[in-house]
Amino acid sequence: MKRRQWVILAVLVLATLALSGCGVSNQGVDVTKVQPQGPWETFVVWTLANILIWLNGIFLSWGIPYHWGWAIILFTFMVKLLTFPLNLTQIRGMQAQKEIQPRLQELQKKHGKDPQKMQQETMALYAKEKVNPLAGCLPMLVQIPVFYALYKTLTVTIEM
């Protein structure tokens with residue numbers, strides 16, 4: 001692999017380790033002893049945690065076995081349902097990119113020696129086809145904080 005690819009891989013591995021909660025003990029976190037630390041946890045994480053605790057209470061009152069598991073499954077389903085429009089936008093953007101890919105390859109063959117001309121033609125093609133080159137990744141960037149909050153919610157409400 002090229003040096004750049006190794007650097008990107010190393011950054012991704014380090015980010016995964018940093019965000020994976022390697023420092024969280026196996027005992028879980030007691031919600032009664034943990035207080036929100038900042039606006040992110042106060043308004044986002046604790047709101048989601050309270051919804052998860054509420055769902056758990058409903059399943060517990062109905063006498064459903066494995067109430068925490070069912071609460072997490074339903075909660076995750078609700079979050080995925082709320083983020084579905086972003087997923088749909090992302091899928092449509094990737095499909096549009098896929099459909100114009102042959103024409104982009106033709107432009108690369110035609111204007112391969114002149115990068116400025118190739119970029120102008122590429123932008124003209126995007127405008128003509130009404131394709132946003134960032135439509136495939138921008139929805140994912142919006143979802144990252146949502147799923148990070150979901151992760152933090154699950155670590156806060158473990159072993160209630």
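If you're wondering where the values come from, they're calculated on a predicted model, not measured in any experiment. Below, each value reflects all heavy atoms present in this structure, side chains not excepted, and no hydrogens, waters or symmetry copies.
Shown here are the side-chain hydrogen bond (donor to acceptor under 3.5 Å, both in side chains) partners of N132, two or more places apart in sequence or in another chain: there are none. Applying the side-chain contact (heavy atoms from CB on, under 4.5 Å) criterion to W40, with sequence neighbours excluded, gives V44, V45, P145, Y148, A149. Annotation: side-chain contact (heavy atoms from CB on, under 4.5 Å) contacts of L86 (sequence neighbours excluded): P139, V142, Q143. Applying the side-chain contact (heavy atoms from CB on, under 4.5 Å) test to K117 and every residue at least two apart in sequence or in another chain returns H111, D114, Q120, E121. Applying the side-chain hydrogen bond (donor to acceptor under 3.5 Å, both in side chains) rule to Q119 yields no partners; only residues at least two apart in sequence or on another chain are considered. Not counting sequence neighbours, the partners of V146 by the side-chain contact (heavy atoms from CB on, under 4.5 Å) test are V79, T83. Listed by chain and residue number, nothing satisfies the side-chain hydrogen bond (donor to acceptor under 3.5 Å, both in side chains) test with Q90 (two or more places apart in sequence, or in another chain).
The hydrophobic clustering, which links ILVMFWY residues whose side-chain heavy atoms are closer than 4.5 Å, places L82 and I51 apart. At a threshold of 4.5 Å between side-chain heavy atoms, the hydrophobic network of Ile, Leu, Val, Met, Phe, Trp and Tyr places L60 and W68 in two separate groups. The cluster map of Ile, Leu, Val, Met, Phe, Trp and Tyr, joined by side-chain heavy atoms under 4.5 Å apart, puts L81 and I73 in different clusters. When the side chains of ILVMFWY residues are joined at heavy-atom separations under 4.5 Å, either directly or via intervening members, L55 and Y66 end up in a single hydrophobic cluster. A single hydrophobic cluster is not seen to contain both I100 and M118; linkage of ILVMFWY side chains at heavy-atom distances under 4.5 Å, directly or through other members, places them apart.
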Could you tabulate the donor-acceptor pairs under 3.5 Å formed by side-chain atoms of residues 123-131, not counting sequence neighbours?
{"from": "E129", "atom 1": "OE1", "to": "R103", "atom 2": "NH2", "distance (Å)": "3.3"}
{"from": "E129", "atom 1": "OE2", "to": "R103", "atom 2": "NH1", "distance (Å)": "3.0"}
{"from": "E129", "atom 1": "OE2", "to": "R103", "atom 2": "NH2", "distance (Å)": "3.0"}

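Residue L88 is found in a hydrophobic cluster whose other members, listed by chain and number, are F84; membership requires side-chain heavy atoms under 4.5 Å apart, directly or through intermediates. Under the 4.5 angstrom side-chain criterion for Ile, Leu, Val, Met, Phe, Trp and Tyr, M140 has no cluster partners at all.
Within the model, atoms CZ of R3 and CD1 of I8 stand 12.0 Å from one another, a figure rounded to the nearest 0.5 Å. One finds the CH2 atom of W62 at 6.0 Å from the CD1 atom of I58 (value rounded to the nearest 0.5 Å). Here the straight-line distance linking atom CG of L74 with atom CG of L52 works out to 9.5 Å at 0.5 Å rounding. If you take OG1 on T153 and CD on E41, they are separated by 9.0 Å, rounding to the nearest 0.5 Å. Separation of atoms NZ (K109) and CD (E106) is listed at 7.5 Å; rounding is to 0.5 Å.
More than 12 heavy-atom neighbours from other residues, nucleotides or ligands sit within 6.0 angstrom of CD on Q105.
Contact check for F75 versus L48: side-chain heavy atoms found under the 4.5 Å cut-off.
Residue pairs meeting the salt bridge (charged side-chain N to carboxylate O under 4.0 Å, His left out) criterion with at least one partner in residues 89-99, sequence neighbours excluded, are absent.
Heavy atoms only, all atoms of each residue included: T42 and W46 are closest at O-CB, 3.8 Å.
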- [ ] Report the C-alpha separation of W54 and N50 in whole Å, then their side-chain angles, then the decisive distance to 0.1 Å, and conclude whether the side-chain contact (heavy atoms from CB on, under 4.5 Å) test is met.
- [x] CA-CA 6 Å; W54 176 73; N50 286 328; over 6 Å; no
